[in-house]
Amino acid sequence: MRNTTIKPKITLVGAGPGDPDLLTLKGVKALAEANVVLYDALANEKILAYAPKEAIRLFVGKRIGKHAYSQDEINQLIVDNAFTHGHVVRLKGGDPFIFGRGSEEIEYAESFGIPTFVVPGISSAIAVPAYQGIALTKRGVSESFWVITGTTSDRELSEDIALAAQSSATVVILMGMSKLAQIVELFQKESKGDTAIAIIQNGTTPDEKIGIGTINTIEAVVEEKKLSSPAIIVIGSVVKEINKLKGLYGEFVQSEK
């Protein structure tokens, strides 16, 4: 039987893009009241210090290509811990509703009648480029931006990337490093080989690395700089607009000629 003196509660908290200082104040307050924290690999572990010392901390993310738990198991862990211990904080990197499956976890918890709350997080899709001075929109340069997952749930490249390649918008691709060759090919088919592109690995953290080039040169840049996941791909004219990278971008353009 469930302990009727325990009041189950679930708070979904966005941990931000990596820098622990980018956690919101509301996220800090939620963690301070947690009995259990379930956290992902992309959530900076320094953030766990905001939880009480006696709170249970459980890693449920993905590392080195392996899942600690399946999504169904995570859903069940959230519910079981809420009924057993009370307030569960589900800590997810970035914003929990941007490719974070947060809505699935909330819906599952609510099916058991558990009160749920959401604390939005700063999305890496916006914050990581911003840290490098890349404005996703800029008057006279880009009027809009796409944020697309590079890899769908069936491990295929999102069909939306082909549509985005036809537009003049800035394109931000998450989880796309394994599909970089396909992405390059799609943009080349649209005669956009000279389009600027930036790849930012471990954005907003001390381990941040960046590679700048064009669609035609970026694969060589990735190999030279040994860039890998987790990384954000930003494609569009806004990349060459930022002052601190204009010279670097120009070097890669010249290397093509």
Side-chain angles (χ1 to χ4, degrees), residues 1-128 149 153 174-175 202-207 229-230:
M1 294 182 62
R2 288 167 177 161
N3 190 335
T4 56
T5 62
I6 290 176
K7 295 182 179 180
K9 173 183 174 181
I10 294 166
T11 305
L12 191 63
V13 175
D19 183 341
D21 288 344
L22 292 177
L23 177 68
T24 65
L25 289 174
K26 195 159 190 174
V28 171
K29 292 176 182 177
L31 282 164
E33 299 172 352
N35 300 114
V36 181
V37 181
L38 276 65
Y39 65 101
D40 283 348
L42 293 179
N44 193 314
E45 291 192 14
K46 291 181 179 179
I47 290 173
L48 298 176
Y50 291 113
K53 290 183 179 179
E54 64 274 15
I56 298 169
R57 293 157 170 80
L58 181 60
F59 174 74
V60 294
K62 179 182 178 183
R63 283 178 180 157
I64 319 176
K66 296 180 180 179
H67 289 279
Y69 296 93
S70 70
Q71 186 60 51
D72 288 343
E73 289 172 331
I74 292 171
N75 292 347
Q76 195 61 52
L77 278 170
I78 292 170
V79 168
D80 289 347
N81 277 282
F83 281 124
T84 303
H85 300 289
H87 186 200
V88 173
V89 167
R90 176 69 172 103
L91 189 64
K92 302 176 76 71
D95 180 275
F97 283 176
I98 305 297
F99 306 126
R101 306 186 78 167
S103 59
E104 297 175 36
E105 295 173 359
I106 287 292
E107 288 166 5
Y108 187 79
E110 288 179 343
S111 73
F112 289 84
I114 301 174
T116 63
F117 304 87
V118 177
V119 179
I122 297 175
S123 174
S124 60
I126 298 171
V128 168
T149 178
S153 58
L174 309 183
M175 299 173 286
N202 294 318
T204 78
T205 75
D207 298 323
S229 299

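These numbers come from the heavy atoms of this one structure, side chains and all, not from hydrogens, waters or symmetry mates. Treat the numbers as computed from the prediction; the structure is a model and nothing was measured.
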Could you measure the distance from the [atom1] atom of [X] to the [atom2] atom of [Y]? Nearest 0.5 Å is fine.
X	Y	atom1	atom2	result
Ile10	His87	CD1	NE2	8.5 Å
Thr149	Leu174	OG1	CG	7.0 Å
Leu91	Asp40	CG	CG	7.5 Å
Asn35	Asn81	CG	CG	9.5 Å
Ile78	Glu105	CD1	CD	4.0 Å

Distance-only polar pair, side chains of Gln71 and Asn75, donor-acceptor under 3.5 Å: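 Yes.
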
Ring pair (Phe, Tyr, Trp, His ring centres under 6.0 Å) against Tyr108, all qualifying residues, sequence neighbours excluded: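 Tyr108: ring pair (Phe, Tyr, Trp, His ring centres under 6.0 Å) contacts with Phe112.
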
Listed partners of Glu73 passing salt bridge (Lys or Arg N to Asp or Glu O under 4.0 Å), at least two apart: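 In terms of salt bridge (Lys or Arg N to Asp or Glu O under 4.0 Å), with neighbours along the sequence ignored, Glu73 is linked to no residue.
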
Set of side-chain hydrogen bond (donor to acceptor under 3.5 Å, both in side chains) partners for Asn202, sequence neighbours left out: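 If we apply the side-chain hydrogen bond (donor to acceptor under 3.5 Å, both in side chains) test to Asn202, skipping adjacent residues, there are no hits.
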
All side-chain hydrogen bond (donor to acceptor under 3.5 Å, both in side chains) counterparts of Arg101, not counting sequence neighbours: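 Glu104.
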
Under 3.5 Å: donor-acceptor pair, side chain of His85, backbone of Val36: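 No: the side chain of His85 does not pair with the backbone of Val36.
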
Main-chain N/O of Pro96 paired to Arg90 side chain as donor or acceptor, under 3.5 Å: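 It does not hold such a pair.
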
Under 3.5 Å, side-chain donor or acceptor atoms of residues 121-128 against the rest of the protein: list the pairs with distances, not counting sequence neighbours.
unit_1	atom_1	unit_2	atom_2	d
Ser123	OG	Ala125	N	3.1

Is any side-chain heavy atom of [Y] closer than 4.5 Å to one of [X]?
X	Y	answer
Ile114	Phe83	yes
Ser103	Phe97	yes
Leu12	Thr116	no

Please list every donor-acceptor pair under 3.5 Å in which a side-chain atom of residues 13-27 meets a protein atom from a residue at least two apart or in another chain.
unit_1	atom_1	unit_2	atom_2	d
Asp19	OD1	Asp21	N	2.9
Asp19	OD2	Tyr131	OH	2.8
Thr24	OG1	Gly27	N	3.0

Trace of the side-chain contact (heavy atoms from CB on, under 4.5 Å) decision for Tyr69 with Leu58: CA-CA 11 Å; Tyr69 296 93; Leu58 181 60; 3.9 Å; yes

